[in-house]
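One structure is given here, and the rest of the page talks about it.
Heavy atoms only: backbone and side chains are in, while hydrogens, waters and symmetry mates are out. Per chain, numbering begins at 1; letters A, B, ... match sequence-line order.
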Protein chains: 2
Amino acid sequence: MTEKPRPLRADAARNRARVLQVAYETFAEEGAAVPIDEIARRAGVGAGTVYRHFPTKESLFQAIVADRLSQVIERARAQTAADPGEGLYAFLFHMAEQGATDLGLTEAFAGIGFDLTEALPEAEREFTGIMADLLAQAQRAGTVRSDVDTDDIKTLIVGLQAMRRFRGDSERMRRVYPVIRAGLSVPGSAEASR
Amino acid sequence: MTEKPRPLRADAARNRARVLQVAYETFAEEGAAVPIDEIARRAGVGAGTVYRHFPTKESLFQAIVADRLSQVIERARAQTAADPGEGLYAFLFHMAEQGATDLGLTEAFAGIGFDLTEALPEAEREFTGIMADLLAQAQRAGTVRSDVDTDDIKTLIVGLQAMRRFRGDSERMRRVYPVIRAGLSVPGSAEASR
DNA sequence: TCTTAAACGGAACGATCGCCCCGATTCTAC
DNA sequence: GTAGAATCGGGGCGATCGTTCCGTTTAAGA
């Protein structure tokens with residue numbers, strides 16, 4: 001039933017790693033619309049080599065997004081272990097910063113030319129689960145208002161990333177993020193935090 | 001110095017109007033990436049006819065954005081005349097709704113493949129001016145915190161439109177908009193409004 | 001109605017891009 | 001070192017899209 005995938009030849013393994021690394025950087029900088037030839041060029045290989053490891057451009061992009069997503073999920077998991085009241089906020093800020101760094105990730109989250117739920121349903125579920133945990137513990141701790149749900153948070157992440165990516169320097173983000181934070185805070189609490 | 005533009009032939013004027021109308025609808029639905037041939041097809045004309053009235057696709061898109069922008073500016077102006085404390089909030093909500101309706105406008109505001117400031121500097125300046133007015137009067141009325149500036153508001157508009165367009169139904173918006181509103185409100189005021 | 005210039009539309013051109021093919025190269029096992 | 005298979009790379013194919021060209025059609029004035 002299961003096939004035994006013969007180990008890659010040394011040069012093939014090296015090239016595969018290079019392509020993955022370069023593709024990550026390139027999608028982050030230029031977004032999913034960047035031509036495969038550009039990635040191949042930057043990696044110092046031919047386009048054929050890219051296609052030998054990844055059957056379509058989509059599959060390469062998907063591999064990158066899956067990796068980035070697992071990093072982000074790990075980060076979220078780390079936050080659940082820290083201060084319960086601050087975990088969600090810290091994670092939201094982190095995601096806003098990711099939006100500035102990684103255009104590919106921003107597009108994946110926004111669903112621009114790529115359906116995350118369809119392409120990586122498992123990772124998407126996991127991400128949603130951690131978000132639910134972070135939100136629940138923040139609400140239990142009394143730092144986030146009780147009338148927002150997990151989908152609201154995911155929506156806000158898309159918005160935050162869009163703001164960061166399409167308008168603005170990091171200074172702008174540092175100014176706007178507190179507005180979202182204040183909006184999520186429990187009304188009447190000491191949420192006037194700077 | 002000034003050239004006398006001879007009046008268009010009747011069929012030419014009719015076609016030009018059709019193209020403008022159809023282009024507006026099509027850019028709103030599909031975004032700026034829609035092929036010119038598709039617009040021509042929907043308008044029932046040949047691609048050549050589109051290019052006779054608008055020398056490039058860019059110039060057609062720009063014409064549409066300029067028109068939409070002036071509508072939006074008019075709307076903002078109307079809000080300055082109404083309740084000073086609510087004007088900015090009403091306008092923000094309106095812009096969020098526009099994001100759901102008009103993908104082309106959303107892309108223009110987000111700067112996706114189109115530099116608004118460069119393409120329509122006059123309209124951009126005017127828009128920014130009205131935003132400054134709306135913000136100032138809301139701050140004077142005590143409904144918006146004093147530490148946000150006009151660029152923050154423009155950034156939030158981009159985010160709101162992205163949220164509305166890329167994630168959500170109108171139900172979702174009705175849930176998330178109040179979060180932004182609460183975040184903009186003066187801390188400690190009765191901003192816990194639903 | 002007839003003439004003529006304006007306008008039409010869609011075929012065609014050139015550029016871009018995803019993807020494939022195949023002769024040349026390089027790794028690896030012996 | 002050598003055979004043979006795996007891998008390489010880049011030229012090429014087909015599709016898409018912006019833009020142009022030109023033979024045909026049509027409005028408008030006499």
Given atom [atom1] of [X] and atom [atom2] of [N], what is their separation to the nearest angstrom?
{"X": "A:E58", "N": "C:dC19", "atom1": "CD", "atom2": "P", "value": "9 Å"}
{"X": "A:F61", "N": "C:dC17", "atom1": "CZ", "atom2": "C1'", "value": "17 Å"}
{"X": "B:R42", "N": "C:dG10", "atom1": "CZ", "atom2": "P", "value": "18 Å"}
{"X": "B:R52", "N": "C:dG10", "atom1": "CZ", "atom2": "C1'", "value": "11 Å"}

(request) Return each pair, listed once, that meets ring-ring contact (aromatic ring centres under 6.0 Å, His included) where at least one residue sits in residues 128-156 of chain B; pairs must be two or more places apart or across chains. (result) none
Candidate nucleotides [options], ranked by approach to the side chain of [X] - the nearest:
{"X": "A:A10", "options": "C:dC19, C:dC27, C:dA7", "result": "C:dC27"}
{"X": "A:R9", "options": "C:dG18, D:dA5, D:dT19", "result": "D:dA5"}
{"X": "A:L8", "options": "D:dT19, D:dG9, D:dT7", "result": "D:dT7"}
{"X": "B:Y51", "options": "D:dT19, D:dT7, C:dC20", "result": "D:dT19"}

(request) If the plane angle is over 60° it's perpendicular, under 30° parallel, otherwise tilted; pick one for A:F114 and A:F61. (result)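 Taking A:F61 first and then A:F114, their aromatic rings stand perpendicular (interplane angle over 60°).
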(request) Look at A:K154 together with A:D149 and state whether they make a salt bridge at an N to O cut-off of under 4.0 Å. (result) no
(message) Check this for me, if you would: do B:R77 and B:E74 make a salt bridge, where the nitrogen-to-carboxylate-oxygen distance has to be below 4.0 angstrom?
(response)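 B:E74 and B:R77: not salt-bridged.
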(request) Give a yes/no on whether any side-chain N or O of A:T49 is located under 4.0 angstrom from OP1 or OP2 of D:dG9. (result) yes
(request) Indicate yes or no: at least one non-hydrogen side-chain atom of A:I39 is less than 4.5 angstrom from one of A:L60. (result) yes
(request) May I ask you to list the residues of residues 11-39 of chain A, by number, that have any heavy atom positioned under 4.0 Å from an atom of DNA chain D? (result)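 Correct list: A:D11, A:A12, A:N15.
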(request) Only pairs at least two apart or in different chains count here, so list each salt bridge (Lys or Arg N to Asp or Glu O under 4.0 Å) that has a residue in residues 45-55 of chain B. (result) none
